[in-house]
There are 2 protein chains.
Amino acid sequence: MSSPAVIPRMKSEDRRELVLTAATAVFGQNGYVGTTTDQVAKAAGVSQPYVVRMFGTKQALFLEVLERALAALLATFRSELARSGTEPLKVRLGTAYAALSVDQTGLLLCLMHAFVLGGDREIGPVARRGFLEVNDFLIDEAGFTQDEATQFLAYGMLMNTLVGIHMQNELGSNPRAQELMFCAFPDTPETDFPK
Amino acid sequence: MSSPAVIPRMKSEDRRELVLTAATAVFGQNGYVGTTTDQVAKAAGVSQPYVVRMFGTKQALFLEVLERALAALLATFRSELARSGTEPLKVRLGTAYAALSVDQTGLLLCLMHAFVLGGDREIGPVARRGFLEVNDFLIDEAGFTQDEATQFLAYGMLMNTLVGIHMQNELGSNPRAQELMFCAFPDTPETDFPK
DNA sequence: GTCTATAGGATGATAGAC
DNA sequence: GTCTATCATCCTATAGAC
């Protein structure tokens, strides 16, 4: 039998997960165009050509990151929906979203970056479908009216924006920024924001 | 005296305006990183090196676009504030924002693209200051509470997102998308959306 | 004031070894 | 399964003519 190589190996699936996780973080930070496959490779600890080899193209990688981000968001919502809680569903889902928003994964930021690329021939349709899927969830599964869903989405987009703009950098110096953040993330302690 | 050149010439200021307007549209469509100085040049009808020559760097051009977009937004708000109207100020400012949102200029989309680049060393601080300036306006000049300002900003970010994602593409085929758009843009007729 | 030509530096993707 | 080497493309920015 052949001896294990000196260089660490993994099963395809595991390495894929690793790269996808790294890619989510990097894409979330720098956006689709702003991210290089080399950055992703370095973050995942593999070589740049290997990243391309695994996913075919940078675009295909991003699309897979998007699909997974959307799936993770919906899974989080459904898990919260299945739980029993004293607070109204709106609040509970909002809190769940806020938690995803401030975690380090870059999940929601990737979605946000996709949302402003509606003009892209391949990414645009996926982004729109994803957005509408969340809207559908809120109405069909969570029982929101369209008005409620719209408001929920609005606050979600604000949270995404505040995290994307790194507003937490101003928390120390600007009292107005502090009030705004407290208002947009009612039950998220300052210490939960990255960096 | 020297005869006028064959190639059309303009005063520096006029050409600057022209390029800045073109740049706003292109940056709004493709984002900061996704835009090439050549695209801007073509849109403005000048050569690529001339665009760089005028503004020094692509980044400097984008920053100037940002400053102008922010100034235009605040000017629109202040103009609406100065006007007398029967509807509540919240609604009037919202309508003004929606109008800016769907016009062809790309103004608000440029801001949105900047908002998700908070990690950028030069663009990040400008984006944060711009966002907070709008928040300040809403509180100090329009008389909103922080809660009201936050809600206003939330719906603004949703409008930006819906335009950026090109949700109007789904208006014909998807009734849910239609309801969502109608809910987010209450008094904007379908025909006002681009394309 | 504006252009053409081009240098110089990434970056996505391919080829092929191990 | 994973790497090294490398190509080809694109893009910002500079040089210099008109």
Side-chain angles (χ1 to χ4, degrees), chain A residues 1-24 26-27 29-66 113 117 120-123, chain B residues 1-23 26-27 29-66 113 117 119-123:
Chain A
M1 86 202 244
S2 64
S3 60
V6 189
I7 296 162
R9 297 202 178 200
M10 289 181 112
K11 278 186 302 183
S12 230
E13 271 315 300
D14 295 349
R15 187 64 84 189
R16 250 185 112 77
E17 290 302 313
L18 211 79
V19 173
L20 281 167
T21 302
T24 305
V26 182
F27 277 130
Q29 192 68 220
N30 307 121
Y32 170 57
V33 200
T35 294
T36 71
T37 53
D38 196 50
Q39 284 174 300
V40 173
K42 290 229 165 63
V46 299
S47 72
Q48 178 269 328
Y50 190 37
V51 170
V52 175
R53 168 75 66 110
M54 263 190 285
F55 296 91
T57 63
K58 170 178 158 179
Q59 183 177 260
L61 169 58
F62 186 66
L63 288 175
E64 195 153 337
V65 164
L66 277 190
H113 280 292
L117 289 181
D120 186 282
R121 191 170 274 282
E122 273 88 26
I123 297 170
Chain B
M1 90 201 248
S2 65
S3 60
V6 188
I7 296 162
R9 297 202 178 202
M10 291 181 110
K11 279 185 303 183
S12 231
E13 272 314 300
D14 295 348
R15 188 63 85 187
R16 250 184 114 76
E17 291 302 313
L18 210 79
V19 173
L20 281 167
T21 302
V26 182
F27 278 130
Q29 192 68 223
N30 308 120
Y32 170 57
V33 199
T35 295
T36 71
T37 53
D38 196 49
Q39 284 175 300
V40 174
K42 290 229 165 64
V46 299
S47 72
Q48 178 268 330
Y50 190 38
V51 170
V52 175
R53 168 75 65 111
M54 264 190 283
F55 297 92
T57 64
K58 170 178 159 180
Q59 184 177 262
L61 169 58
F62 185 67
L63 288 174
E64 195 153 336
V65 164
L66 276 190
H113 280 292
L117 289 181
D120 186 282
R121 193 169 273 283
E122 273 88 26
I123 297 171

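Values below: every heavy atom of this structure, side chains too, minus hydrogens, waters and symmetry copies. Naming: A, B, ... by sequence-line order, numbering from 1 per chain. What you see is a predicted model, and the numbers here were worked out from it, not measured in a lab.
Counting heavy atoms from C-beta outward, Leu20(A) and Val65(A) have side chains that approach closer than 4.5 Å.
Residue Ser12(B) has a polar side-chain atom (N or O) positioned under 4.0 Å from OP1 or OP2 of dG1(C). Between Arg15(A) and dT2(D) there is a side-chain polar atom (N or O) within less than 4.0 angstrom of OP1 or OP2.
Not a single donor-acceptor pair, N or O on each side, falls under 3.5 Å between the base of dG12(C) and the side chain of Arg53(A).
Straight-line distance from the CG atom of Asn30(A) to the P atom of dT11(C): 11 Å, rounded to whole Å. Remark: P of dT11(C) and CG of Leu61(A) are 16 Å apart, rounded to the nearest angstrom. If you take OH of Tyr50(A) and C1' of dG16(C), they are 16 Å apart, rounded to a whole angstrom. Following rounding to the nearest Å, Met10(A) (CE) and dC3(D) (C1') show an atom-to-atom distance of 17 Å. One interatomic measurement links the two molecules: CE of Met54(B) to P of dT14(D), which rounds to 15 Å at whole-angstrom precision.
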Which atoms of nucleotides 9-12 of chain D (N or O only) lie under 3.5 Å from a protein N or O atom, and what are those distances?
unit_1, atom_1, unit_2, atom_2, d
dT12(D), OP1, Thr35(B), O, 3.4
dT12(D), OP1, Lys58(B), NZ, 3.3
dT12(D), OP2, Thr37(B), N, 2.9
dT12(D), OP2, Thr37(B), OG1, 2.9

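Annotation: salt bridge (Lys or Arg N to Asp or Glu O under 4.0 Å) contacts of Glu17(A) (sequence neighbours excluded): Arg68(A). Residues passing the ring-ring contact (aromatic ring centres under 6.0 Å, His included) test with Phe27(B), sequence neighbours excluded: Phe62(B). Every side-chain hydrogen bond (donor to acceptor under 3.5 Å, both in side chains) that Asp38(A) has, sequence neighbours left out, goes to Lys42(A). Among residues two or more places apart in sequence or in another chain, the side-chain hydrogen bond (donor to acceptor under 3.5 Å, both in side chains) test is passed with Thr37(A) by Gln48(A).
Which of dT14(C), dT2(D), dT14(D) sits closest to the side chain of Pro49(B) comes down to dT14(D).
Sequence neighbours left out, not one pair with a member in residues 48-60 of chain B passes salt bridge (charged side-chain N to carboxylate O under 4.0 Å, His left out).
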